[in-house]
Amino acid sequence: MKYDFLSIEKKWQDKWDAAHVFEAQDGSEKPKFFALVEFPYPSGAGMHVGHIKAYSGLEVVSRKRRMQGYNVLFPIGFDAFGLPTENSAIKYNTHPRILTDRNIEKFSQQLKRVGFSFDWTRVIDTTDEDYYRWTQHIFVEMFNKGLAFRDTALVNYCPHCKVVLSNEDSQGGKCDICHNDIVQKSKDVWYLRITKYADRLLQGLDSVDYLPQVKQQQVNWIGKSTGAFVNFSVKGADEGEMLRIYTTRPDTLFGVTFMVIAPEHPLIEKYRDRITNIDALDEYKTECAKKTEFQRTQLVKEKTGVKIEGICGINPVNGKEIPIYTADYVMMGYGTGAIMAVPAHDERDYDFAKKFGIDIIEVIKGGNIEEAAYTGDGDMVNSDFLDGFTNKKDSIKRMIEVLEEKGIGEEGVQYKMKDWAFNRQRYWGEPIPIVHCPTCGMVALPESELPLRLPAVENFEPGEGGESPLAKIESFVNCKCPKCGGDAKRETDTMPQWAGSSWYFLRYIDPKNDKAIADPEKLNYWMPVDWYNGGMEHVTRHMIYSRFWHKFLYDMGEVNTEEPYAKRTAQGLILGPDGEKMSKSKGNVVDPNEVVDQYGADVLRTYILFMGDYGAAAPWSDSSVKGCKRFIERVCDLKTIIQGKGETEKLTSAFHKTIKKVSNDIEDMKFNTAIAAMMGLLNEIFEVGQLTVDEFKIFIRLLCPIAPHICEELWEEIGGNGLCSLAEWPSYDEAKTVDSTVEVAVQVNGKLKGTVMLALNADKDTALSVAKADAKVASAIEGKTVVKEIVIPNKIINIVVK
RNA sequence: GCGGAUGUGGCGGAAUUGGCAGACGCGCUGGAUUCAGGUUCCAGUGAAAGCAAUUUCAUAUGGGUUCAAGUCCCUUCAUCCGCACCA
């Protein structure tokens with residue numbers, strides 16, 4: 001049967017809308033289910049099939065949960081601040097507000113066409129001043145608690161985008177937005193002290209149900225290492241001058257033959273008068289500064305460096321004098337910017353020592369230090385009081401005890417994660433609500449002055465020096481200090497794109513509240529997010545940032561849970577038909593609108609979920625879409641064979657099995673096998689050639705979360721009560737999912753010889769005698785001695801003969 | 001380099017967690033319907049051999065454990081994704 005999907009789909013979308021079926025109820029007695037998907041950035045290009053896949057997973061789970069009686073909150077919104085819109089604004093000379101509204105409208109239309117069961121009464125837009133008023137509120141709280149601060153630092157600067165980027169946004173020395181090389185620049189920037197929460201962000205992972213790879217990436221990102229700080233006194237420097245280093249292997253202290261400090265290390269500046277080769281050091285530093293991050297981390301890590309003449313370190317455990325080098329393999333940004341080098345047991349130190357002809361002293365046995373650094377475990381040697389220690393845990397512990405006793409070092413922890421560079425010199429972002437007062441310093445705006453609105457500007461281009469377009473608006477910049485009332489100037493930088501998305505899920509709970517982020521009672525009811533699904537690309541940045549904000553809000557008493565997301569899963573990419581990542585330049589992008597035009601939303605939804613493992617990447621295939629279209633059409637054809645003759649035994653058991661499988665598979669996000677099971681059932685029904693109205697209704701309800709429009713239409717035609725989307729989810733009888741007789745495979749010496757039909761749970765003797773009666777089995781064992789007989793009930797029989 | 005994952009027909013992918021490999025879908029082959037294309041329906045479809053029943057081989061690679069391995073252990077290779085001189 002052909003069906004007019006375009007009018008059917010529109011009809012039901014309108015009916016759902018009119019009946020408010022997908023609106024979440026506050027304060028309901030029902031169990032709640034808060035399903036969250038990553039809200040889109042409304043780009044000018046419109047939606048992508050990837051968006052549809054990202055939302056389809058929890059869409060199906062949400063629809064099923066509603067049918068199971070849950071009060072479901074499945075919201076959507078728009079993360080609309082950001083550079084692409086601002087760049088379009090410059091290009092087309094149109095205000096980003098206008099572009100954003102236009103794009104949001106477009107996205108909303110597309111989402112509605114696919115029939116997603118979002119609660120459209122709770123839509124949020126991060127660029128709405130009623131929304132960013134609360135983003136600013138959180139920033140002010142952080143500022144007042146000392147978690148937002150300003151510092152001059154070497155920052156990652158993108159000359160193309162003219163913005164400072166966080167470490168996270170400049171991985172591999174490339175700008176995350178335009179992919180051009182970034183440069184290091186000294187600038188005054190805002191930071192959020194996320195490092196203060198590093199340990200809690202790590203520990204919190206124990207209490208949540210995230211995909212293992214999601215957890216692993218976050219653990220790696222936080223990058224906790226434990227070790228020790230050790231203070232080396234410096235000969236030739238002032239009395240009491242200490243060169244402080246961080247090491248994970250303090251127990252190798254007796255193997256130290258040199259030290260290395262980063263080229264930017266302050267020790268060099270401090271003692272430039274006493275260092276006899278300062279010119280060479282200056283030259284080296286300049287050379288290093290010229291290298292891009294990419295060059296500095298090139299695959300071939302040829303070590304470079306310069307020995308510092310005039311000062312040297314003293315090994316605190318044995319008093320030996322050791323040379324100090326500067327080299328760019330040591331970075332100022334990690335640890336103390338200085339290391340003790342143990343070439344015998346560290347590959348980098350080994351390479352450096354070989355190149356510069358420095359001694360190599362073995363302190364851990366097990367390798368051959370003539371040939372390579374030995375980084376494995378082994379007995380300690382040449383190490384005084386550590387000699388004879390056989391285990392690294394013990395030797396580290398002992399050394400730390402000694403260091404602490406003597407006051408020359410202590411146990412310490414380091415994180416790879418750095419504080420979050422939190423400002424951009426751009427227009428289309430949340431203004432940072434801070435005033436610079438000549439007398440009071442930096443002052444946060446009081447709550448009553450929030451929101452601090454973005455002023456109208458003529459020109460969105462950032463200034464040449466990289467300052468924000470807001471800096472040119474005098475009426476915005478000049479203001480009174482909220483504290484002393486004197487003349488002051490506003491901060492002109494804006495927040496990065498990640499700000500608005502760091503707390504958005506909270507706003508869905510109470511999107512119109514003008515007194516608080518959300519009403520505490522409602523927060524209490526809805527939080528935490530029960531299930532969050534999104535892309536792997538957001539696992540380290542967005543998720544860590546938002547967990548950090550949430551923990552801060554928890555500490556402030558503004559939210560009731562320490563972790564925002566109870567469960568996190570991720571969908572895989574949809575690749576182009578050529579198997580490559582979809583991109584405009586490759587011309588392999590599939591437009592969801594075109595698919596809906598041609599096949600309808602139900603077919604699009606079914607295909608996207610049927611493509612393969614939801615968590616894995618899979619290429620788009622136009623011909624496979626047709627297979628799903630056939631499936632939907634064949635479901636419509638079921639109507640023609642409905643009969644009142646009563647149930648057939650074969651189908652009854654098939655239905656119970658399918659209900660069980662579909663119910664479980666949806667919860668496990670195994671949508672492909674859920675659909676396959678329904679296809680299988682459909683085939684069986686056509687083989688039997690008849691089914692009852694009740695069976696048909698079960699089928700329609702099982703399919704409803706996946707292809708809701710056609711199911712509503714069929715439900716109506718068959719005289720179902722109310723809306724199919726609100727009908728009760730079918731239940732199954734476990735006893736009816738198992739057959740009374742089972743087909744059991746019979747093997748002889750592990751080779752399949754045939755199958756026999758046995759009663760369920762038939763005993764071993766019966767099973768064997770039936771098996772041996774099989775002609776093929778009998779001939780295979782004839783004249784041989786039976787060595788062993790294995791019977792796994794309902795599964796397999798294996799007869800071992802000789 | 002480190003960490004994680006993946007590897008199954010022509011293709012996308014299944015496999016109740018050690019028990020009949022290839023469910024379901026696409027594609028393909030043959031047939032029916034059709035003026036024809038499309039659609040729909042029926043049958044077939046991992047490879048090789050055979051008229052056949054059947055036999056042999058087959059889950060990247062090589063080995064191992066087991067009555068039994070896609071699944072567990074070890075080796076090698078390939079692809080993808082993170083991180084990357086993190087001391």
Side-chain angles (χ1 to χ4, degrees), chain A residues 1-2 171-172 212-217 219-221 223-225 227 245-249 252 259-260 293 296-299 301-303 327-331 333-342 346-349 351-352 414-418 536-537 539-540 572-573 575 579 581 606-607 610-613 615-628 630-631 633-634 637 657 660-661 664 670 672-683 686 743-755 776 787-801:
Chain A
M1 186 202 98
K2 298 272 180 358
Q171 286 167 42
Q213 60 269 40
V214 171
K215 271 192 196 182
Q216 193 56 49
Q217 277 200 29
V219 168
N220 291 344
W221 192 261
K224 181 176 181 170
S225 89
I245 62 96
Y246 174 74
T247 178
T248 53
R249 292 301 300 269
T252 59
M259 300 179 80
V260 186
E293 185 82 7
R296 209 168 152 165
T297 58
Q298 264 295 349
L299 297 168
K301 283 153 188 164
E302 181 71 14
K303 295 285 179 291
D328 65 355
Y329 82 90
V330 170
M331 274 143 306
Y334 183 80
T336 60
I339 63 158
M340 62 177 216
V342 185
D346 181 285
E347 281 169 27
R348 295 151 301 171
D349 298 347
D351 293 345
F352 193 87
Q414 280 293 304
Y415 299 94
K416 286 186 198 172
M417 188 169 70
K418 307 214 172 66
M536 282 305 290
E537 70 276 19
V539 155
T540 45
L573 291 176
L575 305 174
K581 207 167 171 174
T606 308
Y607 173 63
F610 184 61
M611 289 176 85
D613 180 351
W620 184 270
S621 157
D622 282 316
S623 55
S624 291
V625 178
K626 288 185 197 136
C628 292
R630 270 178 219 151
F631 169 61
E633 285 173 356
R634 270 166 43 94
D637 288 342
K657 282 181 195 165
K660 180 178 180 179
K661 176 134 188 78
N664 293 338
K670 288 163 79 174
N672 54 337
T673 50
I675 293 168
M678 284 187 269
M679 288 173 168
L681 177 60
L682 185 70
N683 291 342
F686 277 113
E743 192 182 29
V744 174
V746 185
Q747 298 177 335
V748 175
N749 287 348
K751 299 236 157 144
L752 183 70
K753 290 295 167 192
T755 59
K776 261 191 280 176
V787 183
K788 202 169 180 183
E789 291 169 329
I790 293 133
V791 178
I792 308 294
N794 310 324
K795 286 198 171 148
I796 206 157
I797 296 164
N798 191 7
I799 302 168
V800 185
V801 295

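Residue numbering restarts at 1 for every chain, and letters A, B, ... go by the order of the sequence lines.
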Colleague: What is the pairing partner of B:rC57, taking Watson-Crick or G-U wobble pairs with both distances under 3.5 Å in any strand?
Modeller: B:rG46
Colleague: Regarding B:rC81, can its base be found pairing with the side chain of A:Q213 as donor and acceptor, where the two atoms are less than 3.5 Å apart?
Modeller: no
Colleague: With side-chain hydrogen bond (donor to acceptor under 3.5 Å, both in side chains) as the test, would you mind laying out the steps for A:Y415 and A:S225 before giving the verdict?
Modeller: CA-CA 6 Å; A:Y415 299 94; A:S225 89; over 6 Å; no
Colleague: On the nucleotide B:rA84, are OP1 or OP2 found under 4.0 Å from the side-chain N or O atoms that A:N220 carries?
Modeller: no
Colleague: Give none if B:rU17 has no partner; otherwise give the nucleotide forming a Watson-Crick or G-U wobble pair with it, both distances under 3.5 Å.
Modeller: none
Colleague: Is A:N672 near enough to B:rG12 that one of its side-chain N or O atoms lies under 4.0 angstrom from OP1 or OP2?
Modeller: no
Colleague: Which part of the nucleic acid, if any, lies within reach of A:Q747 when heavy atoms closer than 4.0 Å are counted: base, sugar-phosphate only, or nothing?
Modeller: base
Colleague: Just compare B:rC20, B:rA87, B:rG82 and give me whichever is closest to any side-chain atom of A:Q217.
Modeller: B:rG82
Colleague: Between A:N749 and A:A677, who's closer to the 5' end of RNA chain B by nearest nucleotide?
Modeller: A:A677
Colleague: Could you tell me whether the phosphate oxygens of B:rA15, OP1 or OP2, come under 4.0 Å of any side-chain nitrogen or oxygen in A:K670?
Modeller: yes
Colleague: What's the closest nucleotide to the side chain of A:R634 if the choices are B:rC24, B:rC41, B:rC85?
Modeller: B:rC41
Colleague: OP1 or OP2 of B:rC26 less than 4.0 angstrom from a side-chain nitrogen or oxygen of A:R630, does that happen here?
Modeller: yes
Colleague: Between A:K751 and B:rC57, is there a contact of a side-chain N or O with OP1 or OP2 at under 4.0 Å?
Modeller: yes
Colleague: Tell me whether B:rU79 sits syn or anti, counting syn as a glycosidic angle within 90° of 0.
Modeller: anti
Colleague: If you compare every side-chain N and O of A:K795 against the phosphate oxygens of B:rA68 (OP1, OP2), does one of them come in below 4.0 Å?
Modeller: no
Colleague: Using a 3.5 Å distance criterion without hydrogens, assess whether the side chain of A:Q217 forms a donor-acceptor pair with backbone atoms of A:T540.
Modeller: no
Colleague: Starting at the 5' end of RNA chain B, which residue's closest nucleotide do you reach first, A:K416 or A:C628?
Modeller: A:C628
Colleague: Syn or anti for B:rG9, given that syn means the glycosidic angle lies within 90° of 0?
Modeller: syn
Colleague: Please work out which of the three classes, parallel, tilted or perpendicular, describes the rings of A:F352 and A:Y329, given edges at 30° and 60°.
Modeller: tilted
Colleague: Can you find an N or O donor on one side and an acceptor on the other, under 3.5 Å apart, linking the side chain of A:K303 with the base of B:rC85?
Modeller: yes
Colleague: How would you label the contact of A:A338 with the nucleic acid (heavy atoms, under 4.0 Å): base, sugar-phosphate, or nothing?
Modeller: nothing
Colleague: Return the value, rounded to whole Å, for the distance between atom CG of A:L752 and atom C1' of B:rA58.
Modeller: 15 Å
Colleague: Side chain of A:F610, heavy atoms from C-beta onward: which of B:rC67, B:rG25, B:rG82 has the nearest atom to it?
Modeller: B:rG25
Colleague: So, do A:M340 and A:T252 sit near enough that their side-chain heavy atoms are less than 4.5 Å apart?
Modeller: yes
Colleague: Taking only N and O in the side chain of A:Y246, is any of them less than 4.0 Å away from OP1 or OP2 of B:rA87?
Modeller: no
Colleague: Write down the partner of B:rC77 under the Watson-Crick or G-U wobble criteria, each distance required to be under 3.5 Å.
Modeller: B:rG7
